[in-house]
Amino acid sequence: MEIHGREIHFRRTVGAQCDIAEYSPDGDVNRFDDLVQSDNYVVSQKAVLFFICTLSKWYEKEQKMNNPDYIERPLTVDECMMLEPETIEALSTEASAAFNGETVTVEAEEPKQKGKNAEGDSE
């Protein structure tokens with residue numbers, strides 16, 4: 001997904017899991033969802049942003065390790081704060097898929113034309 005002119009990717013690593021565990025209640029990564037599902041909007045949103053940015057950070061670190069000339073540009077919380085809620089939801093879906101080892105595929109079709117110039121119409 002492209003955000004602020006660059007493609008954002010996510011990676012689940014041990015480092016990412018450790019960061020998420022440290023952010024979680026009692027340091028328990030299995031309790032991270034308690035924050036995401038909190039009734040407190042700020043707590044919930046900041047947890048989602050932390051999750052997104054953490055998986056972005058570890059993707060970028062891996063790229064740098066594989067290519068020393070690579071310039072790391074992980075997504076930041078400040079950048080995320082400027083995005084629309086729908087964009088955060090899409091980023092969260094992609095980050096969750098990466099965390100769970102799933103592949104997100106989005107297929108787009110050409111819009112169907114109507115009227116005289118539509119394919120198959122003869123004049």
Side-chain angles (χ1 to χ4, degrees):
M1 173 172 222
E2 188 173 309
I3 301 293
H4 299 133
R6 70 186 190 282
E7 195 65 29
I8 302 298
H9 298 281
F10 304 101
R11 181 90 166 104
R12 177 184 183 185
T13 65
V14 171
Q17 289 186 168
C18 286
D19 286 352
I20 292 166
E22 288 175 352
Y23 192 89
S24 300
D26 301 323
D28 182 354
V29 73
N30 296 314
R31 294 198 51 213
F32 184 76
D33 277 345
D34 294 352
L35 299 173
V36 173
Q37 296 172 4
S38 172
D39 290 335
N40 182 311
Y41 179 81
V42 173
V43 169
S44 175
Q45 289 303 296
K46 286 190 174 184
V48 169
L49 299 184
F50 180 83
F51 181 75
I52 289 167
C53 293
T54 298
L55 294 180
S56 171
K57 174 181 93 174
W58 285 98
Y59 172 86
E60 293 290 317
K61 285 185 171 297
E62 182 181 52
Q63 296 306 302
K64 179 69 171 180
M65 181 195 282
N66 292 333
N67 176 3
D69 295 330
Y70 184 81
I71 297 170
E72 294 178 55
R73 287 198 58 209
L75 194 59
T76 67
V77 171
D78 283 344
E79 283 180 287
C80 288
M81 289 289 211
M82 293 180 241
L83 299 173
E84 298 81 15
E86 298 80 16
T87 303
I88 294 300
E89 187 175 329
L91 284 167
S92 178
T93 298
E94 284 189 27
S96 293
F99 191 82
N100 294 317
E102 302 166 2
T103 302
V104 176
T105 304
V106 178
E107 292 185 25
E109 292 182 11
E110 290 290 322
K112 295 182 180 176
Q113 294 181 342
K114 294 181 181 179
K116 280 181 143 181
N117 295 327
E119 220 172 284
D121 283 353
S122 55
E123 291 185 25

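Numbering of residues begins at 1 and proceeds along the displayed sequence.
- Summarising the local packing, CD of E72 is surrounded by more than 12 heavy atoms from other residues, nucleotides or ligands at distances under 6.0 Å.
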Derivation and outcome, side chain to side chain contact (heavy atoms under 4.5 Å, CB included), residues D26 and R31: CA-CA 8 Å; D26 301 323; R31 294 198 51 213; 2.5 Å; yes

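- Note that CE of M82 and OG1 of T76 are 6.5 Å apart. Values are rounded to the nearest 0.5 Å.
- Here the CD1 atom belonging to I3 is positioned 4.5 Å from the CG atom belonging to L91, to the nearest 0.5 angstrom.
- R11 and Y59 make their closest contact through CB-CA, 3.5 Å (heavy atoms, listed as atom of the first residue, atom of the second, distance).
- F10 and A98 get closest at one heavy-atom pair: CB-CB, 3.7 Å.
- If you take CZ on F99 and OG1 on T54, they are separated by 10.0 Å, rounding to the nearest 0.5 Å.
- Distance check, rounded to the nearest 0.5 Å: NZ of K46 to SG of C53 gives 12.0 Å.
- Between P74 and K57, the shortest heavy-atom distance links the atoms CB-CA, 3.6 Å.
- The distance from the NE2 atom of H4 to the CG atom of L75 is 8.0 Å, given to the nearest 0.5 Å.
- Annotation for V29 and S24: closest pair CA-OG, 3.8 Å, computed over non-hydrogen atoms.
- Side-chain atoms of N66 come within 3.5 Å of backbone N or O of E62 as a donor-acceptor pair.
- Using a 30° and 60° split on the angle between ring planes, F32 and F50 fall in the tilted class, from 30° to 60°.
- Here Y70 pairs with E60 under the side chain to side chain donor-acceptor pair (under 3.5 Å) rule; sequence neighbours left out.
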Test side chain to side chain contact (heavy atoms under 4.5 Å, CB included) applied to V14 and W58, step by step: CA-CA 9 Å; V14 171; W58 285 98; over 6 Å; no

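- Note: S38 OG to D33 CG = 12.0 Å, rounded to the nearest 0.5 Å.
- Partners of E84 under the side chain to side chain donor-acceptor pair (under 3.5 Å) rule, at least two apart in sequence or in another chain, are T87.
- A donor-acceptor contact shorter than 3.5 Å is absent between the side chain of S92 and the backbone of I88.
- Between V77 and M81, some side-chain heavy-atom pair lies under the 4.5 Å cut-off.
- Side-chain atoms of R6 come within 3.5 Å of backbone N or O of R73 as a donor-acceptor pair.
- E7 places a side-chain N or O within donor-acceptor distance of the main-chain N or O of M1, the cut-off being under 3.5 Å.
- For the pair S44 (side chain) and N40 (backbone), a donor-acceptor distance under 3.5 Å is absent.
- Both L35 and L49 belong to a single network of hydrophobic side chains, linked directly or stepwise wherever heavy atoms of I, L, V, M, F, W or Y lie under 4.5 Å apart.
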